[in-house]
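Beneath this line is the structure, given in structure tokens, with notes to follow.
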Amino acid sequence: MPSRKLYSIEINGETVSCIGVEFLNSKEAVIKHIAVLPKERGKGIGSSMIRFLCKNYDIHSIFAETDKEAVNFYSNFGFQITSLGEKYLGIERFLCEFKIK
């Protein structure tokens with residue numbers, strides 16, 4: 001049975017980011033959502049949350065599905081990007097996959 005976890009980061013009592021992850025099995029996880037407050041973006045917070053998952057769970061692959069707006073974030077981290085085409089009318093979606101060495 002998949003398990004889900006939600007993590008957040010607080011700075012001075014304010015929640016600035018969160019990541020929701022679903023563990024498909026002991027080796028694979030899916031990022032269901034990841035968010036960083038606009039004023040805190042570009043500081044490495046999102047990447048640090050993904051690194052936290054890699055370090056604290058013995059997973060081999062992380063997947064995410066996203067839109068054009070967030071695809072660069074995943075690409076810059078090192079995810080392989082595959083277009084899923086227009087999954088919803090007028091909206092291209094992307095599968096992002098990260099293999100942990």
Checklist entry - If you link I, L, V, M, F, W and Y whenever their side-chain heavy atoms are under 4.5 Å apart, who else ends up in the same group as Tyr88? => result Ile91
Is [X] reaching over with its side chain to a backbone N or O of [Y], donor-acceptor style, under 3.5 angstrom?
| X | Y | value |
| --- | --- | --- |
| Arg4 | Phe23 | no |
| Ser83 | Gly85 | yes |
| Asp67 | Ala70 | yes |

Side chains of [X] and [Y]: does their closest heavy-atom pair fall under 4.5 Å?
| X | Y | result |
| --- | --- | --- |
| Leu95 | Ile81 | no |
| Glu86 | Glu92 | no |
| Ile50 | Ile34 | yes |
| Ile9 | Ile45 | yes |
| Leu53 | Lys5 | no |
| Ile19 | Phe52 | no |

Checklist outcome for this item: Tightest non-hydrogen contact, residues Ala35 and Met49, listed as O-CE, 4.2 Å
Checklist outcome for this item: Heavy-atom nearest pair, Val36 first then Gly46, reads CG2-N, 3.9 Å
Only pairs under 3.5 Å count here: list side-chain donor-acceptor contacts from residues 57-66, not counting sequence neighbours, and write none if there are none.
residue	atom	partner	partner atom	Å
Tyr57	OH	Tyr7	OH	2.2
Asp58	OD2	Lys27	NZ	2.9
Ser61	OG	Lys99	NZ	3.3
Glu65	OE1	Lys87	NZ	2.8
Glu65	OE2	Lys87	NZ	3.2
Glu65	OE2	Arg93	NE	3.0

Checklist outcome for this item: So CG of Leu6 and NZ of Lys32: to nearest 0.5 Å the spacing works out to 13.0 Å
Next on the checklist: Nearest 0.5 Å, please: how far is NE2 in His33 from CD in Glu22?
Outcome noted: 10.5 Å
Item to check | Summary of salt bridge (Lys or Arg N to Asp or Glu O under 4.0 Å) pairs that have at least one residue in residues 69-80, sequence neighbours excluded | outcome: none
Item to check | By salt bridge (charged side-chain N to carboxylate O under 4.0 Å, His left out) - contacts of Lys39 (at least two apart) | outcome: Glu14
Item to check | Test ring-ring contact (aromatic ring centres under 6.0 Å, His included) applied to Phe98 - qualifying residues, sequence neighbours left out | outcome: Phe77, Phe79
Checklist entry - Restricting to pairs with a member in residues 43-55, which pass side chain to side chain donor-acceptor pair (under 3.5 Å), not counting sequence neighbours? => result Glu40-Lys43
